[in-house]
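A short worksheet on the structure shown next.
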Amino acid sequence: MRNLSARVRGAPDRLLRDVSLSVAPGEVRGLVGESGAGKSMIGKAVLGILPRAVEVLSGEILLEGTDLLRLAPADRRRRIGATCALIPQDPLTALNPSRRIGPQMTDRLVDILGWSRTKAQGRARDLLAEVQITDPDRVLRQYPHELSGGMRQRVLIAAAFAAEPKLIVADEPTTALDVTVQKEVLRLIADMQARHGTALLFVTHDLGVVSKVCQSLTVLYGGLVVEDAALRDFFPAPAHPYARALLAATPKYTDPDTSLVPVPQEVLDGVQAQVVAADRGWRDG
Amino acid sequence: MQLFRAVILRLLTTAVTLSGVAVIVFVVIRVVPGNPIAMMLPPGATDEDVARLTALYGLDKSIFRQFLIWAGGVLQGDFGTSITTRQPVLGLVLGRLPATLELSVMALVIATVIGGFAAVTGTRLRGTRSEAAIDVANGMALSVPDFLWGLVLILLFGVLWPVFHISGRVTPSIDLPFTTNFYLIESLVRLRPDLWWDIVSHMLLPALALAIPLAAIIGQVLKQSLKETMHLDYVTLSRTKGYSETHVITREALPNAVLPALTLVGVQFTFLIGGTVIIERLFSYEGLGNMAIDAVINRDLPLIQGIVILFAVIFTGVNLIVDLACAALNPRLRHG
């Protein structure tokens, strides 16, 4: 993604401010920021599901060299459907309650990629086995309400890998789960990613999660990229003061007694000034 | 098993409802002014004649006695004899029932198609001027009552551009080779497209008049329901799979949006059946509603009672069907 800017139609300020980031095949990149920093917007932009009110002002989204934004809407939709996938945030609402699991997993394979129904079904069965679901055939025939939250998240992870996508966007996939399940799901996503060699953009606000699954990360503040680093460089010493403060603010699980540390005001002022400066440059240019 | 018990329970409450309806109708039509006997006799009849006829129909007894006699008959399947036609009420009423059922169901189908189409199109085009146009049309359809739509349709397609029939159920000169009164269905079963078209062109305008306000309600409720559904995550997920907006709406959102709309449509459908009374009159359509108006004008007490009871049966039946349909459509209820 290069120099992507977007805003709410008619609004004076931008939501995304010249965002550039890239995810290489087989790489897991964390996308970190506070709520409202624009991290979900980036995920949505890549998958072509930006809200209608949001317009892209400039920039390009390159997928294997093709700029998605230059494609006709129908082509873009199909291209994204064939090469990208989403692991959604809330497994309880991300499955259609009136459709069985099987068709929900295979519909893309059959309708968009033109697979035969039997082949798609076999694929779904294999994937469910891969995410350690013991009785795939039964699950394929079940309705979402018959499965637990953890099971549904497994189904969604398996479904995301169904078409062997080049890129998967995981939109805070563990936020809606309770802590015990979180760890398991995290490991599952990491395992699947490693096995399939998919590029994964991991959207989260939790640096702890990033340290477990990602190789690199991008930190956003106010729609502006403030840090872009490999994980091994970031964790000992983030370059940007805001990223440093964010890291310091992350609660330590090993020492539950430490009180929460807020990001210091002067750091916030500093990064805010940076946002303003970026906007000044944008308006003048 | 659970479903079976629910149905039994429903039938029991239905029986109580119908008894209540029977009592109210019976009492009310005897308390309001108007005497059927006076209507029947020619001017100049003697008091003796009046007394004889009153006794013949049992109208000299107390209301309570009359009710017991009538209710006893009803329980044995005898709804009494029509005063004006001197024929058994049950036969008269059942003879007209198919006409009204066919008309109402046709109106329901038309309303569902138009309303569903409007809801899906409105959702598809949300945020555009076309959506606003659909909303305006919806509001107009909703705020004009069915009998006025009837007059508008008569003017448009009966007078200015006479392509459809505006009176009756079938062209009188046609000799119908039918054994039942379900003309529309029988013309299909007997593979008689010529008769079928004549019947349809008689039914279309009254059915449309009934359907327009209902279509608006269906459109509005379904669109609202769709709007809520479209925000849900599984709809978004389906978009990322590469599906078109229309596919996303009809395949993912619609099945889940239909459920909340269905209950309301059921209630509205009973209003539509009520609306047949005036519409059938307007189009001289020989159904139950038209018969009801004649019965009231002539103070034909047994016939009024029979028609009202039958309407009540239809209403409760429709509600039962809607509830069953909801259960069938919702996998969570189905597996209880």
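We use all heavy atoms of the structure for the numbers below, so side chains are in, but hydrogens, waters and symmetry mates are not. By convention in this document, chain letters (A, B, ...) are assigned in the order of the sequence lines, proteins followed by strands, and residues within each chain are numbered from 1.
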Arg77(A) and Tyr243(B): which non-hydrogen atoms are nearest, and at how many Å?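 Reported closest heavy-atom pair: CD-O, 3.1 Å.
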
Any sub-3.5 Å donor-acceptor pair from Lys241(B)'s side-chain atoms to Ile112(A)'s backbone N or O?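 The answer is no, because no donor-acceptor pair under 3.5 Å joins these two groups.
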
Which residue in the set Asn96(A), Leu92(A), Thr93(A) passes side-chain contact (heavy atoms from CB on, under 4.5 Å) when paired with Asp233(B)?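 When Asn96(A), Leu92(A), Thr93(A) are each tested with Asp233(B), the side-chain contact (heavy atoms from CB on, under 4.5 Å) holds only for Thr93(A).
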
Just checking heavy atoms, which of residues 122-134 of chain B are less than 4.5 Å from chain A?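 At a heavy-atom separation under 4.5 Å, chain A is reached by Arg124(B), Arg126(B).
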
Checking an interface table here. Which of residues 156-167 of chain A come within a heavy-atom distance under 4.5 Å of chain B?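 Hits under 4.5 Å: Leu156(A).
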
When heavy-atom pairs shorter than 4.5 Å are enumerated against chain A, which of Pro255(B), Ala253(B), Ser244(B) gives the highest number?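 That would be Ser244(B).
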
OG1-CD1 distance between Thr240(B) and Ile87(A), expressed to the nearest 0.5 angstrom: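 So the gap between those two atoms works out to 11.0 Å.
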
Which answer fits Ala94(A), side chain, backbone, both or neither, if we ask what part of it has an atom under 4.5 Å from a heavy atom of chain B?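 Both parts, backbone and side chain.
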
Structural part of Leu95(A) lying under 4.5 Å from a heavy atom of chain B: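 Leu95(A) touches chain B through backbone heavy atoms alone.
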
Assess whether atom CH2 of Trp196(B) is packed by more than 12 heavy atoms of other residues, nucleotides or ligands within 6.0 Å.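 No, because the 6.0 Å sphere around CH2 of Trp196(B) holds 12 heavy atoms or fewer from other groups.
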
Side chain to side chain, Arg99(A) and Arg251(B), heavy atoms closer than 4.5 Å: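 They are in side-chain contact.
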
Evaluate side-chain contact (heavy atoms from CB on, under 4.5 Å) for Asp107(A) paired with Glu252(B), printing each intermediate quantity in order. CA-CA 11 Å; Asp107(A) 53 2; Glu252(B) 299 282 343; 4.0 Å; yes

Chain B interface, residue from Arg52(A), Arg79(A), Arg78(A) that has the most non-hydrogen pairs under 4.5 Å: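 Greatest number of close heavy-atom pairs with chain B: Arg52(A).
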
